[in-house]
Amino acid sequence: MKQNDVYFVPIHDKFLIHAPLHKLTALINQSALHALRASLMSDDPLPIPMNQLASQLQNTPLTTPSVLTGDDITPYFLGLIPTRGCNMACPYCDFAAPKRNSPVMSLNLARDAVNAYFALIQKAGQGSAEVHFFGGEPFFAEKVVHFVVEYAKIKALEHGIRVRFEATSNGLYNRDRCKWIAEHFDTVVLSLDGPPDIQDSQRPAVGGRTVSSVIVRNAKVFSDNDMELVIRACITDATVHRMPEIAQWISHEFRPSTVCFEILSLSHTAQSVAFAPPDPWEFARNFDQASQILSQYGIKTIISTADLHAPRLSFCPVGKDALIVSPDGMVDACYLLQKDWEAVGLDMRLGSLTPSGFELHPEAVDRARNMTVESRALCANCLCRYYCAGGCHVNHDTTGAAGQYDRHCILTRMITVTQLLRTMGQHTLADEWLGNRALLEETILQENDRLLT
């Protein structure tokens, strides 16, 4: 057993033990904690049931995330950015591309991207394909999207595989376009920040028009069709206290599979209009309340840094051989703007696309593959490291000392621990813990969560 596989945090007068790679969580008292630590260090037997717990932790991990290796690319998905243009003018948007006159991907380039992707799929022997669309707003270049969907379906038939389509979208289009999307896409991640007053304040159209009625209408079209709707709500300091209300509104109006709450990323644009991120302690508390409301309707609630579904080394597609193609034919590991990753000293460029296929630089692929939580100093001793994986490579600075947590860490740690407690059925303890700031700080600000050091 690797010693860094097992973590603990104090919860009132007990201790939460968590081993993510062993898929084990337990709640024990202080004497049991000391006995367990001693047993794991010496292999001395413990009284049952403590001996069973120690034995489980000494077994081979059930899952071990690993870095991709080798010369061959096994694509996680093909990501396409049809344009960085957009028909909305969200005040907090951190994409600096022009709204109306950003370059649009040519149909020839889109065809080349699909051809190159399916060639890799065939070489890797994969039985399915995925095409994801990012922006700007991808449907602002609807001809490109329409072409890719139809052409990729033809290629999938040729290869005898299924292809699925996913798009991240603002939802601002006419009813006919919305119905086409609902009929052809498997998943739409829809940016919808809340009821009309919140949506109109935070997400107006270009020119300042209020368009919440259009977005709500289209969200209902998606809800009523055989596709997956994921609603992504950006939470600011002005809306954090309304998260339970937002959850209730979504539950009554739509039928999403998932609601993803994310905190505002502090950008120069957001600061210029006095938008600010929420207090992390309040966000985590309200996230828990919103989650309980949504669960009553069978809706999953997530935040991207606290997804306990499976351990991972990278927060996002970076390092997983996702190939994201921009309108200029450049191929990157990240869909964010080049200037943003360069500003923090990162190079996400993998290569370029030509009519003959992807021209990827092996050293660039290896560099992206090795951008994992293992190299992020801030995360070294954190219980969340295999779930959060350090968060966004571009927007979350993890070069600081281990245990020096920022707002992203605080809310991630709170939500992760709360989810672990509720999964164990410890609802009363979770409620008492969340309601006591002193207890929260004792848990969340603990600098080293490792059981064994």
Side-chain angles (χ1 to χ4, degrees), residues 1-11 14-72 74 76 124-127 305-321 366 368-391 398 402-403 412-413 416-417 419-426 446 448-453:
M1 181 193 67
K2 292 167 55 180
Q3 290 188 344
N4 65 356
D5 281 353
V6 187
Y7 305 87
F8 81 102
V9 289
I11 306 289
K14 296 181 174 62
F15 294 89
L16 182 73
I17 301 294
H18 185 56
L21 304 187
H22 290 76
K23 299 184 178 180
L24 184 148
T25 308
L27 199 63
I28 60 178
N29 61 28
Q30 187 169 38
S31 61
L33 177 75
H34 294 323
L36 177 63
R37 180 185 285 123
S39 176
L40 292 176
M41 294 178 67
S42 65
D43 291 330
D44 290 340
L46 286 167
I48 295 178
M50 285 297 298
N51 190 44
Q52 294 177 339
L53 177 60
S55 296
Q56 283 182 267
L57 293 174
Q58 289 167 339
N59 290 336
T60 302
L62 298 175
T63 178
T64 305
S66 59
V67 175
L68 295 173
T69 59
D71 297 332
D72 293 333
T74 304
Y76 188 42
Q126 292 180 241
T305 55
D307 186 353
L308 276 57
H309 176 68
R312 56 186 176 175
L313 295 178
S314 178
F315 158 87
C316 63
V318 173
K320 300 176 183 177
D321 284 0
D366 287 340
R369 287 173 170 177
N370 284 282
M371 292 177 64
T372 73
V373 69
E374 302 290 353
S375 61
R376 309 187 81 171
L378 179 66
C379 312
N381 301 323
C382 180
L383 168 145
C384 305
R385 68 196 308 262
Y386 287 118
Y387 301 128
C388 170
T398 55
T412 296
R413 287 170 63 80
T416 298
V417 171
Q419 289 180 340
L420 291 173
L421 288 172
R422 294 205 183 281
T423 299
M424 297 173 67
Q426 295 288 338
Q446 175 175 271
N448 189 344
D449 299 335
R450 295 181 187 274
L451 181 64
L452 306 178
T453 56

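These numbers come from the heavy atoms of this one structure, side chains and all, not from hydrogens, waters or symmetry mates.
- A 4.5 Å side-chain heavy-atom check between Leu68 and Thr74 finds every atom pair outside the cut-off.
- Figure legend: cation-pi geometry between Arg385 and Tyr7 absent, as NZ or CZ is not positioned both under 6.0 Å from the six-membered ring centre and within 45° of its axis.
- Of the residues listed (Asn59, Leu57, Thr63, Thr64), the one engaging Pro61 in a side chain to side chain contact (heavy atoms under 4.5 Å, CB included) is Thr64, and it is the only one.
- Rounded to the nearest 0.5 angstrom, Lys14 NZ and Asn29 CG are separated by 8.0 Å.
- Taking each heavy atom of Phe315 and Ala389 in turn, the nearest pair found is N-CB, 3.5 Å.
- Note that CD of Glu374 and OG of Ser314 are 12.0 Å apart. Values are rounded to the nearest 0.5 Å.
- In this structure, Leu16 and Met424 have side chains that are in contact, with non-hydrogen atoms separated by less than 4.5 Å.
- Scanning all heavy atoms of the two residues, the minimum distance from Thr398 to Arg376 falls at OG1-NE, 2.7 Å.
- Of all the heavy atoms in Asn381 and Ala402, the pair that sits closest is ND2-CB, 3.7 Å.
- Considering CD1 of Ile28 and CE of Met50, their distance stands at 5.0 Å, rounded to 0.5 Å.
- Using a 4.5 Å heavy-atom threshold, the side chains of Leu452 and Val6 count as separate.
- Judged by distance alone, with hydrogens and angles left aside, the side-chain atoms of Arg369 form no donor-acceptor pair with the main-chain N or O of Asp321 at under 3.5 Å.
- Heavy atoms only, all atoms of each residue included: Leu451 and Arg37 are closest at O-NE, 2.9 Å.
- Looking only at distances, a side-chain donor or acceptor of His18 sits under 3.5 Å from a matching main-chain atom of Leu24.
- Shortest non-hydrogen contact noted between Tyr386 and Pro20 is CD1-CG, 3.8 Å.
- Going from atom CG of Leu308 over to atom SG of Cys384 covers 8.0 Å, rounded to the nearest 0.5 Å.
- A donor-acceptor distance shorter than 3.5 angstrom exists from the side chain of Thr423 to the backbone of Gln419, with no hydrogens or angles considered.
- Salt-bridge check for Asp307 with Arg312: failed, with every basic side-chain N at 4.0 Å or more from each acidic carboxylate O.
- Taking 4.5 Å as the limit, some side-chain heavy atom of Pro65 sits within range of a side-chain heavy atom of Leu21.
- The minimum heavy-atom distance between Tyr387 and Ala310, with the atom names listed, is CD2-O, 4.3 Å.
- Met371 contributes atom CE, which lies 7.5 Å from atom SG of Cys316 (distance to the nearest 0.5 angstrom).
- Each of Val9, Leu33, Thr25 was checked for a side chain to side chain contact (heavy atoms under 4.5 Å, CB included) with Ile17, and the lone residue meeting it is Leu33.
- In this structure a side-chain-to-backbone donor-acceptor pair under 3.5 Å is missing from Thr416 to Arg413.
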